[in-house]
Amino acid sequence: MTGPRVRFAPSPTGYFHVGSARTSLFNYLFARGHGGTFILRIEDTDASRGRQEWTDGIISAMNWLGLTYDEGPTFQSHNAPRHAQAAEALWAAGHLYACDCTSEVVQERTKGNPIPGYDGRCRDRQLERGPTTALRFRVPDEGSVIVRDQIRGDIEFQLANYEDFVVLRSNGGVLYPLANAVDDRDAKMTHIIRGEDLLPTTPKQILMWEALSSSPDFGDVPVPLYAHLPLLVNEQRKKLSKRKDPVSVESYRDEGYLPQALVNFFSLCGWSPREGDEIQPIENFIAQFELSDVTHSPAFFDMAKMRHINGEYVRRLSVEEFLAAAQPWLQPELSEWRPTDYETPWAPEDFRPEVLDVMAPLVQERVTVLSEVPAMVGFFFRRPEMSDGDFTKTIASNEGAKAVLADVIAAAQSGTNWTSDALHALVAQIGENHGMNLRKSQAPVRLAVTGALVGPPLFESLEVLGRDEVVLRLTAALERAR
RNA sequence: GCUCCUAUCGUCUAGCGGCCUAGGACACCGCCCUCUCACGGCGGCGACACGGGUUCAAAUCCCGUUAGGAGUGCCA
């Protein structure tokens, strides 16, 4: 394979963040559209933070979204010996020096300094390496590093603004800038596509990348091209926050978002197709995706738009696909996964799948996320509870409404045709008899039978629910009104 | 503070010197369709942050200002 090599390198610090999903997706789009290789690498060097379940979560969320990778997952922690070797090579070449300043001490000492960060105290102290010394990278005092960013163009950073950063902890643990550079080099990455928040640390990685090039154990690997994606921000224009914003992909799955819809929406976070509609199959996006078309400015994570796109995808499903997608909310006990903390609003044994034969298409065009399905069909499997407010306003205080109910009950009991068309005509006629148009006359029937003033089409619902049950519910409502 | 990034309708964006009295989408508002709610259709509202240049011509190029944001850990 001679195409580009890219990777998605999340650190397992929690659930799968939508920002990570977007980064992962853009790597995927780029690789798939350019005959490249997409690699998943788990950056778990900070052992105190990583957890197996978080890693599993990332992998299963990527599978769910359909972001398939070609190599991996590899684990950064498994490369510890290689990282140590890199540190040795850098040490041997004089790029590193030992430092016994703890971060607290450095902070205290440099508090009023015009240039923040480490002040280079140990640079020339020739300290021995020991259990209390970290290894710092000797950043040149002059010169600059140019980051070749495929989205923003070349960006020049003056080295004078960079402190001598730590590369190896005093406890021997390797730090991100080194581990990252080593792994990317060894994996021959050609493009690094990641969030804009990493842009300021890029010069450090380039510095190490180049420093390693003179070591025979590492060899001369060309510095990759970069692409720093615009941040995803909330309505306050701040980077999406784990604490304040709903950012987990899993939570959107629980709400009933379709993976294809999410992928489509994420694609639009910082990029838009040159050709055609905003809503297109991912194959079209793969064919069109270019890093140079990625936007420079932060993208608002617009959940209203995300909902719209999901509704669009829901409606484009075939009825069979829709039912399959909605199964976790309809019959969670039969599904391979169920939304977390979800229970059907009806007793599972009361569920009747045949109701959906008629109702599914009618429900499908009325929901935007799948979690709205149960509320829309709940009255088929459970007697409705209507609010006092609705009941009083629509039935109890309305003589015409009560008359309509009584007449519908009478007609039902005298054997009127029980088809949606016949019921439609019946309620219209009864309403007319009492001086009400259908808009008015259907309301009490709807409320009495479904428990709500809005819902799927009424007459189909009556037909499916059946004559006896409808009479029962209408009678109950009428008696409650007396 | 310092470094870097960014700046077109409320939001996401198209625009890469003349096709722009700035196009599309979401949201919002109206009308139509209609048994409710949706869907769908039609229409409306609504933007080039500001100031200098360059040019015959700038939303588009350059500089500055302002405003946002990110980074500034022995986190990633």
Side-chain angles (χ1 to χ4, degrees), chain A residues 9-13 43-46 48-50 76 99 101-104 106-107 112-118 133-136 147 149 151-152 155-158 160-163 165-177 179-180 194-203 228 230-231 233 235-239 265 268-274 277-279 292 295-309 311 315 362-368 376 420 423-424 427-428 431 437-443 445-447 450 452-460:
Chain A
S11 61
T13 56
E43 306 226 319
D44 55 351
T45 53
D46 190 356
S48 65
R49 297 171 69 177
Q76 192 156 66
C99 169
C101 307
T102 63
S103 51
E104 296 79 35
V106 172
Q107 236 178 30
N113 281 10
I115 301 168
Y118 183 67
T133 59
L135 258 34
R136 288 185 183 269
V147 176
D149 192 286
I151 296 173
R152 291 156 215 280
I155 303 162
E156 183 174 16
F157 292 86
Q158 295 300 326
N161 293 315
Y162 284 83
E163 61 181 311
F165 52 93
V166 174
V167 146
L168 207 66
R169 288 188 177 112
S170 49
N171 70 7
V174 67
L175 256 9
Y176 168 76
N180 195 266
R194 34 136 72 151
E196 191 193 343
D197 49 345
L198 275 327
L199 183 51
T201 74
T202 307
H228 288 96
L231 256 20
V233 298
E235 43 281 277
Q236 279 82 238
R237 306 248 106 215
K238 304 268 197 205
K239 184 165 81 161
F265 172 69
L268 265 17
C269 289
W271 179 81
S272 63
R274 291 190 177 190
D277 204 64
E278 288 184 329
I279 298 180
S292 57
T295 310
H296 299 186
S297 51
F300 175 55
F301 190 74
D302 188 349
M303 282 184 265
K305 184 139 186 166
M306 186 165 84
R307 277 182 62 82
H308 167 81
I309 290 173
R315 272 173 257 124
L362 304 176
V363 171
Q364 183 176 356
E365 65 178 31
R366 285 173 171 75
V367 298
T368 54
M376 211 152 278
S420 63
L423 288 162
H424 186 149
V427 173
N437 59 22
L438 185 53
R439 183 186 175 83
K440 288 283 182 198
S441 57
Q442 60 89 34
V445 180
R446 178 184 296 280
L447 183 63
T450 73
L453 290 167
V454 300
L458 179 59
F459 305 111
E460 284 82 352

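So you know, we letter chains A, B, ... as the sequences are listed, proteins then strands, and number each from 1.
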Would you indicate, yes or no, if B:G69 has its OP1 or OP2 atom less than 4.0 angstrom from a side-chain nitrogen or oxygen of A:Lys238?
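Looking at the OP1 and OP2 atoms of B:G69, one of them is under 4.0 Å from a side-chain N or O of A:Lys238.
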Just N and O in the side chain of A:Arg274: are any of them under 4.0 Å from OP1 or OP2 of B:G15?
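So the side chain of A:Arg274 is outside the cut-off, no N or O lying under 4.0 Å from OP1 or OP2 of B:G15.
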Using only heavy-atom distances, decide whether a donor-acceptor pair under 3.5 angstrom links the side-chain of A:Ser103 to the base of B:C74.
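Such a pair does not exist between side chain and base.
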Can you find an N or O donor on one side and an acceptor on the other, under 3.5 Å apart, linking the side chain of A:Arg366 with the base of B:C37?
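Indeed, a donor on one side and an acceptor on the other fall under 3.5 Å apart.
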Rounded to whole angstrom, note down the P distance from B:G64 over to B:C4.
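Pairwise P distance, B:G64 against B:C4, rounds to 12 Å.
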Euclidean distance for P, B:G44 against B:U36 (whole angstrom):
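The answer is 27 Å between these two P atoms.
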So what does [X] hit on the nucleic acid, given a heavy-atom distance under 4.0 Å: a base, only sugar-phosphate, or nothing?
X	value
A:Arg136	sugar-phosphate
A:Pro456	base
A:Gln364	nothing
A:Leu198	base

Write down the distance between [atom1] ([X]) and [atom2] ([N]), rounded to a whole number of angstrom.
X	N	atom1	atom2	answer
A:Glu460	B:C37	CD	C1'	13 Å
A:Glu235	B:G68	CD	P	17 Å
A:Leu362	B:C37	CG	C1'	12 Å

Side-chain donor-acceptor contact under 3.5 Å, A:His228 with A:Arg194:
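Yes - a donor-acceptor pair under 3.5 Å links their side chains.
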Taking atom OG1 of A:Thr201 and atom OH of A:Tyr162, what is their separation to the nearest 0.5 Å?
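Spacing of OG1 (A:Thr201) from OH (A:Tyr162) equals 7.5 Å.
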Take a 6.0 Å sphere around CD of A:Gln158 and say whether it holds more than 12 heavy atoms from other residues, nucleotides or ligands.
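More than 12 heavy atoms, drawn from other residues, nucleotides or ligands, come within 6.0 Å of this atom.
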Between the protein and nucleotides 5-14 of chain B, which nitrogen or oxygen pairs come in under 3.5 angstrom?
{"residue": "B:C5", "atom": "O2'", "partner": "A:Arg152", "partner atom": "NH1", "Å": "2.7"}
{"residue": "B:C5", "atom": "O2'", "partner": "A:Glu196", "partner atom": "OE2", "Å": "2.8"}
{"residue": "B:U6", "atom": "OP1", "partner": "A:His296", "partner atom": "ND1", "Å": "3.4"}
{"residue": "B:C12", "atom": "OP1", "partner": "A:Arg237", "partner atom": "NH2", "Å": "2.3"}
{"residue": "B:C12", "atom": "O2'", "partner": "A:Leu268", "partner atom": "O", "Å": "3.4"}
{"residue": "B:U13", "atom": "O2'", "partner": "A:Ser272", "partner atom": "OG", "Å": "3.4"}

Between A:Ala9 and A:Phe157, who's closer to the 5' end of RNA chain B by nearest nucleotide?
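Final value for this comparison: A:Phe157.
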When you match A:Thr201 and A:Arg446 each to their closest nucleotide on RNA chain B, which lands nearer the 5' end?
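So the residue in question is A:Arg446.
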Quick check with a 6.0 Å cut-off and a 45 degree axis cone: is A:Arg136 positioned over the face of A:Tyr118's six-membered ring?
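Because its charged atom sits under 6.0 Å from the ring centre and within 45° of the axis, A:Arg136 does stack over A:Tyr118.
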Check A:Pro298 against A:Val233 and note the closest heavy-atom contact, atom names and distance.
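Scanning both residues completely, I find the closest heavy atoms to be CB-CG1, 3.8 Å.
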One character per nucleotide, please: for nucleotides 40-49 of chain B, 5' to 3', B when the base has a protein heavy atom closer than 4.0 Å, S when only the sugar-phosphate does, - otherwise.
S---------
In terms of relative ring orientation, are A:Phe459 and A:His424 parallel, tilted or perpendicular, with 30° and 60° separating the classes?
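Aromatic pair A:Phe459/A:His424 classed parallel.
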Main chain of A:Leu362, side chain of A:Arg366: is a donor-acceptor contact present, judged purely on distance under 3.5 Å?
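It does hold such a pair.
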Can you identify which nucleotide, out of B:U36, B:C74, B:G71, has its nearest atom closest to the A:Leu175 side chain?
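Minimum distance to the A:Leu175 side chain belongs to B:C74.
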Candidate nucleotides B:A76, B:C75, B:G69, ranked by approach to the side chain of A:Arg169 - the nearest
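Taking heavy atoms from C-beta onward, the closest nucleotide is B:C75.
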